[in-house]
Student: 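One structure, as structure tokens, below. Some questions next.
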Amino acid sequence: MAQSKSLEELQAIAKQIRRDIIEMIAAAGSGHPGGSLSAVEILVTLYFGGAMHQDPANPKWADRDRIILSKGHAAPVLYSAMAEAGYVPKDKLNTLRKLGSIYQGHPDVRFIPELDASTGSLGEGVSIAIGMGIAAKLNNSPSRTYCILGDGESQEGQIWEGAMFAAMHKNDNICVIVDHNGIQLDGWVKDIMEVEPLVDKWKAFGWHVIDLNGHDIPALQAAFQEAASTKGKPTVLVCRTVKGKGVSFMENNPKFHGQAPNKEEAALALKELQ
Ligand SMILES: Cc1ncc(C[n+]2csc(CCOP(=O)(O)OP(=O)(O)O)c2C)c(N)n1
Ligand SMILES: [Mg+2]
């Protein structure tokens with residue numbers, strides 16, 4: 001169920017999730033720290049800040065809200081949040097990317113049935129969310145679907161096909177969240193294929209757009225509320241974030257998109273996250 005905690009509690013969870021991300025990826029020796037760290041407050045607000053209606057004791061509750069991590073390479077942030085919420089075991093997080101682990105490099109419903117979708121092939125999330133949103137309407141269900149995109153991912157054409165469709169069909173029970181951290185796989189989005197003006201693009205596609213700081217939990221809570229009360233059009237949150245947020249040497253550093261910290265770097269990161 002939707003349950004809200006105090007800001008201090010939410011920030012403490014965010015810090016714990018950041019620590020989990022570092023520990024998991026360091027133990028695996030591979031993974032994506034940057035885009036996991038930039039999405040922490042988004043996931044924390046969804047799971048623990050009162051945004052999503054879910055019940056970990058009843059993970060397949062038909063009227064639950066859905067979450068699609070379209071930028072599936074940020075799996076560690078999702079696994080840690082799901083573990084904190086009680087969906088999956090916490091003590092196994094450090095088996096990330098190991099053969100036989102449920103915590104594969106990208107979220108996979110074959111191993112974690114509590115997931116709403118398998119993701120990792122970028123560009124598919126909006127389409128999946130639209131299908132779930134339409135199904136909810138057909139079932140007269142209050143379920144909402146949240147879909148988290150990357151900004152590099154936003155270069156995928158399928159996203160804009162979905163954006164057109166959702167506006168035309170007034171899919172107001174879906175909410176897209178763009179983790180707009182400015183960096184993609186091996187460099188800055190603006191140098192590879194610019195996505196700006198992102199806010200204007202979503203507006204032009206007929207969406208209700210909220211432009212905010214994606215690390216500001218109260219701002220995220222207000223935005224999710226605004227999205228839920230916006231009728232007749234879907235909502236997108238364009239979240240200004242910092243890739244690698246919370247670890248000084250990872251912040252705004254494209255190197256840590258897809259590289260694990262070594263032992264010394266992991267120790268330093270965990271020291272910063274005390
Ligand atoms: C269809 C597809 N193409 C390429 C990749 C490889 N890939 C994984 S992450 C990534 C960059 C994503 O950048 P962005 O969306 O900005 O993610 P973030 O900064 O949030 O980590 C790419 C190209 C993929 N997973 N799927
Ligand atoms: Mg990015």
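Scope of the values below: all heavy atoms of this structure, side chains included, with no hydrogens, waters or symmetry mates. In listed order, ligands and their atoms are each counted from 1.
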Student: Has K71 got a side-chain atom pairing as donor or acceptor with E153's backbone, closer than 3.5 angstrom?
Tutor: no
Student: When rounded to the nearest 0.5 angstrom, what is the spacing between CG in L149 and OG1 in T119?
Tutor: 11.0 Å
Student: Report the protein N/O/S neighbours of the Mg ion (ligand 2) that fall below 2.8 Å; do not count waters.
Tutor: D151 OD1, N181 OD1, I183 O
Student: Not counting sequence neighbours, list each pair that qualifies as a side chain to side chain donor-acceptor pair (under 3.5 Å) and has a residue in residues 253-270.
Tutor: K243-H257
Student: Kindly say whether T95 contributes a backbone atom to a donor-acceptor pair with the side chain of S101 at under 3.5 angstrom?
Tutor: yes
Student: Under 4.0 Å between a Lys/Arg side-chain N and an Asp/Glu carboxylate O for D151 and K190?
Tutor: no
Student: If a pair satisfies salt bridge (Lys or Arg N to Asp or Glu O under 4.0 Å) and one of its residues is in residues 204-213, list it, with sequence neighbours excluded.
Tutor: D211-R240
Student: Which protein residues have a heavy atom closer than 4.0 Å to any atom of ligand 1, listed by chain and number?
Tutor: G35, K71, H73, G120, S121, L122, G150, D151, G152, E153, E156, N181, I183, Q184, L185, K243, H257
Student: Verify, without hydrogens or angle tests, whether W188 (side chain) and E194 (backbone) share a donor-acceptor contact under 3.5 angstrom.
Tutor: no
Student: Just by distance, do the side chain of E84 and the backbone of I17 share a donor-acceptor pair under 3.5 Å?
Tutor: no
Student: So if you build clusters from Ile, Leu, Val, Met, Phe, Trp, Tyr with side-chain heavy-atom gaps below 4.5 Å, do Y146 and V126 land together?
Tutor: no
